[in-house]
2 protein chains.
Amino acid sequence: MAASIKDVAREAGVSIATVSRVLNNVDVVNEDTKKKVQEAIKKLGYRPNIVARSLKTQKTKTIGILVPDISNQFYPEVVRGAEDVANIYDYNIILCNSDSDLDKEKEYIRVLKEKMVDGMLYMSSSLDKEILNLIDEVEIKTVLVETKIAGEKYPSVTIDNKKAAYDATKYLLDKGNQKVAFIGLKKDKNNATSQRYSGYEKALKDAGKEVDLGLVYFGDLKAADGYNGINVILENQEIDAVFCASDEIAMGAINALRDKGLSCPEDVDVMGFNDSYAASIFYPKITTVAQPMYDMGSVGMRMLIKIVNNKPLDEDQYTLQYYLVERDSVKK
Amino acid sequence: MAASIKDVAREAGVSIATVSRVLNNVDVVNEDTKKKVQEAIKKLGYRPNIVARSLKTQKTKTIGILVPDISNQFYPEVVRGAEDVANIYDYNIILCNSDSDLDKEKEYIRVLKEKMVDGMLYMSSSLDKEILNLIDEVEIKTVLVETKIAGEKYPSVTIDNKKAAYDATKYLLDKGNQKVAFIGLKKDKNNATSQRYSGYEKALKDAGKEVDLGLVYFGDLKAADGYNGINVILENQEIDAVFCASDEIAMGAINALRDKGLSCPEDVDVMGFNDSYAASIFYPKITTVAQPMYDMGSVGMRMLIKIVNNKPLDEDQYTLQYYLVERDSVKK
DNA sequence: GTGAAAGCGCTAACAC
DNA sequence: GTGTTAGCGCTTTCAC
């Protein structure tokens with residue numbers, strides 16, 4: 001067993017209370033006593049037992065992070081941003097992969113409660129009312145990342161997905177493209193990613209165009225969906241451009257185009273979303289809407305740590321800036 | 001404050017010891033008493049405080065995972081594999097990003113000790129003796145993933161990087177390629193990834209060829225390194241093929257080739273390493289050595305959990321199988 | 001400025 | 001079969 005506070009006290013010839021005081025830089029401990037204690041600590045290689053401290057203080061200095069799947073393209077960077085900030089303030093993170101499964105999420109939240117995390121960063125493809133209720137019930141301080149509940153009490157950090165998609169679609173339209181297709185998720189009011197379709201719709205309408213469902217393909221966010229989407233859409237008509245709700249879709253779409261003898265951007269403009277690392281390596285390099293993934297994590301964690309320490313928040317609902325990265329998959 | 005074991009005891013009209021017994025399915029508790037307790041638990045929505053339990057049992061049911069950087073291509077899948085297994089056995093994971101920085105690693109290991117993790121999965125690009133000493137000192141049960149210390153006591157799960165690189169290079173040679181280049185990390189005995197160069201060397205020698213340093217470029221594992229590598233190598237001579245120590249390098253290399261008017265695989269065969277998701281989407285689809293990343297994590301965690309629970313290990317040093325994925329970046 | 005002692009919520013002897 | 005109690009390693013109040 002490692003040395004405990006008792007050992008240090010004995011070694012230094014003081015009481016454990018005094019050792020605790022120097023550990024926490026609290027009260028005015030006599031300089032000499034302090035020195036003695038510090039020497040004893042060093043000699044024994046003593047490190048406080050944080051579990052014991054946590055039980056007493058009711059603070060664990062650990063934060064739970066719930067993500068759908070860390071092996072998904074989006075989350076590693078968010079988590080990295082979050083962990084970096086956590087680390088600065090001496091917090092650690094417990095990482096949980098929920099697969100966006102409601103039961104798994106609920107179980108993780110309960111376990112996080114049992115482990116007395118000081119707070120939680122919650123990410124999910126959708127936002128179920130049951131989860132929100134559970135969060136209230138277990139009283140874990142929580143910041144929502146990627147999704148938000150408009151006008152509700154839950155602090156959040158998001159980007160404006162609808163507006164981003166609007167801008168992306170408009171960009172394609174402004175290039176003179178007539179038939180602009182869409183491949184992505186179906187509309188669903190609680191799902192951040194699916195709001196991209198709304199932005200697409202609005203951009204078309206504002207440009208005086210009808211949404212032609214023959215130009216729209218709903219699937220998941222994978223490359224395969226982009227590939228299939230192009231094949232399905234092209235069965236009925238030609239297109240000038242396609243806005244994809246993820247970079248992976250965009251890459252799949254470009255591959256499908258190429259397999260049909262069409263090239264990007266010469267024949268069809270393709271726009272992605274996220275600016276994942278692969279988007280910058282792909283050929284052609286993907287023009288895309290960059291989400292500040294690292295920042296979403298770090299800002300979220302910063303907010304959470306403030307909340308945990310009862311500090312006031314500058315803002316409750318952070319909306320971070322996306323930006324359009326112009327590369328080679330859309331004509332200049 | 002959430003309900004404690006005392007509240008449950010009071011509610012059920014029994015002692016806390018009895019509540020503890022039903023919680024842990026221990027001893028023979030009378031069926032009726034058990035029912036009463038369970039009802040009280042349900043009524044109060046009671047969940048045990050694991051921090052308190054941990055202090056008593058000296059087990060936290062949490063495992064530390066040290067990775068260089070979760071936003072690096074390789075680790076998310078490993079971590080996912082590890083977390084899935086951990087979850088099955090009711091463990092949670094604390095994720096730490098070290099950037100392979102020695103001081104950061106040391107500090108994380110100490111903090112993990114303070115938080116009394118039951119064990120640790122350690123991944124790093126290299127394996128410093130200081131770290132090993134520290135692990136011994138703090139006595140955290142540890143499994144090494146990706147790297148290993150030959151003939152030492154540390155359990156590990158790895159692939160045979162040298163042999164994998166040997167096979168990959170030989171594959172390129174067997175296709176009739178005369179000048180096979182290499183882009184990757186410089187040799188370094190403790191770094192798993194850098195052993196790929198040794199495999200490359202050996203394959204050439206076994207094929208009766210000298211290693212031509214003009215065909216070798218050492219850098220990092222990024223796409224930019226592949227891009228630069230090709231440009232540097234091609235300054236002096238033409239090549240028939242290139243073995244890249246990562247898929248990212250391979251993609252960068254292919255891009256550089258294309259920018260020089262050379263196509264892959266028609267003019268130059270390119271082989272990657274890892275089989276990251278992007279490798280299967282890239283054009284051309286990358287022929288590569290697949291590392292079982294998910295399995296490395298899950299096998300490592302399985303070993304660790306056995307160790308933590310003092311169960312015997314079937315093997316100490318797991319060497320997992322890699323395999324060659326034949327796609328389109330090498331001529332058929 | 002320092003020590004004694006209570007208590008955080010739990011488990012596990014030990015007693016009955 | 002169940003209750004009492006000590007104690008895990010710390011922090012913090014209250015004395016002195």
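Protein chains get the first letters and strands the later ones, always in sequence-line order, with residue 1 at the start of each. We use all heavy atoms of the structure for the numbers below, so side chains are in, but hydrogens, waters and symmetry mates are not.
Listed by first then second residue, pairs satisfying salt bridge (charged side-chain N to carboxylate O under 4.0 Å, His left out) with a partner in residues 70-95 of chain B read A/D69-B/R80, A/D99-B/R80, B/R80-B/D84, not counting sequence neighbours. Within the structure, salt bridge (charged side-chain N to carboxylate O under 4.0 Å, His left out) pairs that include any residue of residues 117-133 of chain A comprise A/K106-A/E130 (at least two apart or interchain). Applying the side-chain hydrogen bond (donor to acceptor under 3.5 Å, both in side chains) test to every pair with at least one member in residues 29-38 of chain B, sequence neighbours left out, gives no pairs at all. Listed by first and then second residue, the salt bridge (charged side-chain N to carboxylate O under 4.0 Å, His left out) pairs involving residues 7-21 of chain B are B/D7-B/R10, B/E11-B/K43, B/R21-B/D27 (not counting sequence neighbours).
Axis angle, first five pairs versus last five pairs of the helix from C/dG1-D/dC16 to C/dC16-D/dG1: 40°, rounded to 10°.
Within the 4.0 angstrom heavy-atom criterion, only backbone atoms of the sugar-phosphate kind lie near A/V14; the bases stay farther away. Contact annotation for A/S54: no contact, since no heavy-atom pair falls under 4.0 Å across all strands.
Residues forming a side chain to side chain donor-acceptor pair (under 3.5 Å) with B/K115 (at least two apart in sequence, or on another chain): A/N92. The side chain to side chain donor-acceptor pair (under 3.5 Å) test applied to B/N87 returns A/Y108, not counting sequence neighbours.
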Tell me which donor-acceptor pairs under 3.5 Å the side chains of residues 300-313 of chain A have, and how far apart each pair is, sequence neighbours excluded?
from   : atom 1 : to     : atom 2 : distance (Å)
A/R302 : NH1    : A/Y89  : OH     : 3.4
A/N309 : ND2    : A/Y91  : OH     : 3.2
A/N309 : ND2    : A/I305 : O      : 2.8

For residues 140-151 of chain B, tabulate all N or O donor-acceptor pairs below 3.5 Å that involve a side-chain atom, not counting sequence neighbours.
from   : atom 1 : to     : atom 2 : distance (Å)
B/T142 : OG1    : B/I140 : O      : 2.8
B/E146 : OE1    : B/Y75  : OH     : 2.9

Sequence neighbours left out, cut at 3.5 Å: what donor-acceptor pairs do the side chains of residues 45-53 of chain A make with other protein atoms?
from  : atom 1 : to     : atom 2 : distance (Å)
A/R47 : NH1    : B/E114 : OE2    : 3.0
A/N49 : OD1    : A/V51  : N      : 2.8
A/N49 : OD1    : A/A52  : N      : 3.0

Nucleotides 10-13 of chain C: which of its N/O atoms have a protein N/O under 3.5 Å away?
from   : atom 1 : to    : atom 2 : distance (Å)
C/dC10 : OP1    : B/Y46 : OH     : 2.4
C/dC10 : OP1    : B/N49 : N      : 2.8
C/dC10 : OP2    : B/I5  : N      : 2.3
C/dT11 : OP1    : B/N24 : OD1    : 3.4
C/dT11 : OP1    : B/N24 : ND2    : 3.1
C/dT11 : OP1    : B/R53 : NE     : 2.7
C/dT11 : OP1    : B/R53 : NH2    : 3.2
C/dT11 : OP2    : B/S20 : OG     : 2.7
C/dT11 : O2     : B/K56 : NZ     : 3.4

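Residues B/T62 and B/I93 form no side-chain contact, since every pair of their non-hydrogen atoms from C-beta on lies 4.5 Å or further apart.
What separates CG of B/L55 from P of D/dA6 is a distance of 17 Å, to the nearest Å.
The shortest distance between the side-chain N/O atoms of A/S15 and the OP1/OP2 oxygens of C/dT2 is not below 4.0 Å.
Within residues 106-119 of chain A, no residue has any heavy atom under 4.0 Å from DNA chain D.
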